[in-house]
Amino acid sequence: MILQTALLIGLVIFSVLALLLKDLLRSAISLALASLLLGIIFFRMNAPYAGVFEISVVAGLITVLFVLTIALTGKGEAIHESRLVNWVFPLVFVAFLVIDALVMKSLLGKVPALASGAESGSFGEVLWKARTIDLVGQIAVILAGVFAVLALFRKRDKND
Amino acid sequence: MIILFVVLPLIVAGILPLVGKVSRRVLPDLLANATLLGLLVYAAVAGRALIAGGPVLQQLSWLGEAVNLRLALDGFSLFMLLAIALVGLAASLFSIDYMEHYGAKANYYALYLVMIAGMNGLVLATDLFSVYVFLEVAAIASYALVAYGLSHDGLEAAFKYLMLSVVGSAFIVAAIAVVFGMTGSLDFAAAAAGLQELNAGPVLAIASAFFLLGFGLKAALVPFHAWLPDAHPSAPAPISAVLSGLLIKVSGVYAMTRIFLNIFGLTPALSTVLMGLGAISMVIAAFLALGQKDMKRMLAYSSISQVGYVVLGIGIGTPLGIAGGLFHLFNHALAKGLLFLTSGSVQQATGTRNLDEMGGLAKRMPVTAATNLVGALSIAGVPPLNGFWSKLLIIVALVQAGHPVFAVIAVLTSVLTLWYYLLMQRKAFFGKLNEKWAAVKEAPFWMTVATVLLALLCVGIGILFSTTVSTWIQPAADVLADGIHAVTGSWGF
Amino acid sequence: MTNTWYLYVFFAAALVCAGLLGLLGKRNLIKLFIAIEVIGKGISLLLLGTGFAKANILTAQALVITYIVIEVSLVATALALIINIYRHTKSLDIRNLAKLKG
């Protein structure tokens, strides 16, 4: 429990760092570290497959895509973030954390829940049999992503 | 085999890039339009027979083993499938000529069909998470389609649309997680039964608020509408037609009403919130539309306003109100699809969307002007066109349910709507022909076919409105009016 | 039971809040998208945490995997959009996008 809490705190810190760091490359790496921690958290929650996906796909593939984009768009360019935002938003965030800590527990205590029976079967069975429709959805989403990238990077020949 | 509605467009989308290598134009045109025509015929001809004995539930087996590929078709989903197929087909016929100079037609149709598959999947889904998955399929395809022209405007609008839409999706998943936590189940029927058993008032309010925020963003109801007036005008015309005519209704209104009415059950508080949101969208967007100089932007604001009518009608919660709301959804899909297509014809002929630069185009583009007039009058609610009957139903339902104030607002907004549409018609098509447009010609063949098809439907449904209502709208409204019994009673597997 | 759920929901809410604040305040397009990613992490933590606390971990795991696949598609599309915008404006500053005002 304590280790898990520490991991979760690390996850939030790296995510916030990813937003705060000025250098884009550093914030992409910080985001990747956050994903890595999230992956470990998933492992420790008995969800090894989700953990592997989080680490290999989100921390790996998505970070590569981010770095590629940063390289293609020139990372040296400085964009002045608003001063006011830099001061006010951390305060709002801390205020939210305090409210979150105070309210969330009693709120969740009020949530009624049906006693759910223990799940049976293996993960493979759940994914392939109980959630087959999601697999169809995944195929569709991958098609959408592939065609979207093809369309956005197509050469505009002739009639351009 | 109702799964064909999802799988057929996906398969065709998958092979289109290969086909595109062989034939750059003709085969992709043919294949995409044939697919949509097939779906339309299937929905229109076989659909009613399929659900004659109650909702159809399909559970497929996969290599001999029963898998959980569940889809359900009832009156409400069939009605939406028909609307998707109709407007989808018209916009795709329009694309044959319109998308000619955008290049990479095979790729365009592939994205288009993925978007249609996503919408069909959403409509047939039987569990909360698949609703989210298919919503995202349609959304991702639509981001790329909005930016398809690769113009500065389009890219910007697509990015803004993406940002807001992703936030909406995040809230939807959060709400799904809350329901999942309470009932331990994602299935519509099991979740509805579980929530009924728990009787969880205040927590359900939180989930409802998240859903409202998420679907409100998707449907562009007024406090959440900022992305729509950019995204819809910047897209290529057939895409604007599908986004305004279908996507905001499927991923916003359909998903919201299915969840609120059939799973949560419509409480009086929720009903008031929905009616309030609907009325605010209706009025504010109508005023915003009045000030627009850009033809497509005016249409976009008008979409927000008309979705307000739909939500207002469904929010009443009485059978008549729901029927009126759904009928208006259908009529608006046809008429707004038509108007975005004619605005595309005008834009292609003149190169501008600015109403002040147009004028007298009716002399050069008589068919476009006539179809545009039909669409405009239909949305404004002029008898005997279809839009009149649906607005009448909503207003009568409002009076019957004891909301005379809302009824008056609805009538006044409809006058405002008529005003800005007449303004548009006069500026663009009537009056003296602007010298610049002396050489303008009528739109190409397929573009005209698509607009005439939709215009004829608007007139035809207006004349045969009672048949349409009893065959298509009433079964859909019955499902919604039945509340949670519609899914708990007959959807269990 | 409630305590485990509380732990995960607390941190998930914190991540979503941080992401939303980033989305409101940042001006760099890539930064904006990193904010979206942070929201996404919060949501996947919420899904899995809910499943874990309610003994539905297998289903939750399947949902999270689907969620990640969707995220990848979304990232690819969004980054392609950003690169295209950069080609047009030679800038990643959101203030250079004239129409992004609401």
Side-chain angles (χ1 to χ4, degrees), chain B residues 68 111 114 127-130 132-137 139-147 149-167 169-187 210 225-227 229-231 233-234 297, chain C residues 5 8-9 12-13 15-16 19-20 23-24 29 32-33 35-40 42-56 59-60 62-64 66-67 69-78 80-89 94 96-102:
Chain B
N68 213 351
L111 272 172
V114 171
D127 92 64
L128 288 168
F129 197 74
S130 350
Y132 161 73
V133 172
F134 285 107
L135 190 130
E136 208 69 352
V137 171
I140 289 175
S142 72
Y143 307 144
L145 285 169
V146 167
L150 297 181
S151 66
H152 189 170
D153 280 6
L155 290 165
E156 248 180 67
F159 191 74
K160 184 178 177 184
Y161 170 33
L162 184 147
M163 287 288 150
L164 286 172
S165 174
V166 169
V167 174
S169 307
F171 279 102
I172 293 168
V173 185
I176 293 173
V178 173
V179 175
F180 181 49
M182 282 199 283
T183 63
S185 166
L186 290 159
D187 195 66
F210 282 172
H225 68 287
W227 59 272
D230 288 330
S234 310
R297 233 178 143 75
Chain C
W5 202 19
Y8 295 116
V9 175
L15 284 174
V16 172
L20 283 177
L23 205 55
L24 285 174
L29 296 182
L32 285 174
F33 203 69
I36 293 274
E37 280 296 287
V38 172
I39 296 179
I43 297 291
S44 49
L45 184 63
L46 174 67
L47 271 179
L48 203 71
T50 306
F52 182 65
K54 305 291 173 185
N56 270 323
T59 312
L63 301 188
V64 168
T66 311
Y67 190 81
V69 171
I70 292 174
E71 209 175 330
V72 173
S73 256
L74 189 72
V75 168
T77 313
L81 279 175
I82 291 176
I83 292 172
N84 266 297
I85 292 175
Y86 181 77
R87 282 185 189 164
H88 271 275
T89 57
I94 195 158
N96 290 345
L97 302 186
K99 284 192 179 165
L100 283 172
K101 278 176 191 140

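Below, each value reflects all heavy atoms present in this structure, side chains not excepted, and no hydrogens, waters or symmetry copies. Labels below follow one simple rule: chain letters A, B, ... track the order of the sequence lines, proteins then strands, and each chain is numbered from 1. These numbers were taken from a predicted model, which means no experiment stands behind them.
Most heavy-atom pairs under 4.5 Å with chain B, from the set C:Leu74, C:Leu46, C:Ile82: that is C:Leu74.
Between C:Gly51 and B:Phe180, the shortest heavy-atom distance links the atoms CA-CE2, 4.0 Å. Here the closest heavy-atom approach between residue C:Ile43 and residue B:Ala170 is recorded as CD1-O, 3.4 Å. Of all heavy-atom pairs between B:Ala177 and C:Thr50, the closest is O-CG2, 3.5 Å.
With a 4.5 Å cut-off on side-chain heavy atoms, C:Thr66 and B:Tyr132 do not count as touching. Taking 4.5 Å as the limit, every side-chain heavy atom of C:Leu63 sits out of range of all side-chain heavy atoms of B:Ile176.
Interface residue B:Leu186: only side-chain heavy atoms are found under 4.5 Å from chain C. Of the atoms belonging to C:Ile70, heavy atoms from both backbone and side chain fall under 4.5 Å from chain B. Residue B:Val166 touches chain C through its side chain alone, counting heavy-atom pairs closer than 4.5 Å. Interface remark: B:Tyr161 contributes no atoms to any contact with chain C (heavy atom separation under 4.5 Å). With a threshold of 4.5 angstrom between heavy atoms, B:Ala147 approaches chain C through side-chain atoms but not through N, CA, C or O.
The neighbour count for B:Phe210 CZ, taken as heavy atoms of other residues, nucleotides or ligands under 6.0 Å away, does not exceed 12.
For C:His88 (side chain) and B:Leu150 (main-chain N/O), a donor-acceptor pair under 3.5 Å exists by modelled atom type.
Distance check: B:Glu156 CD to C:Ile85 CD1 gives 7.0 Å after rounding to the nearest 0.5 Å.
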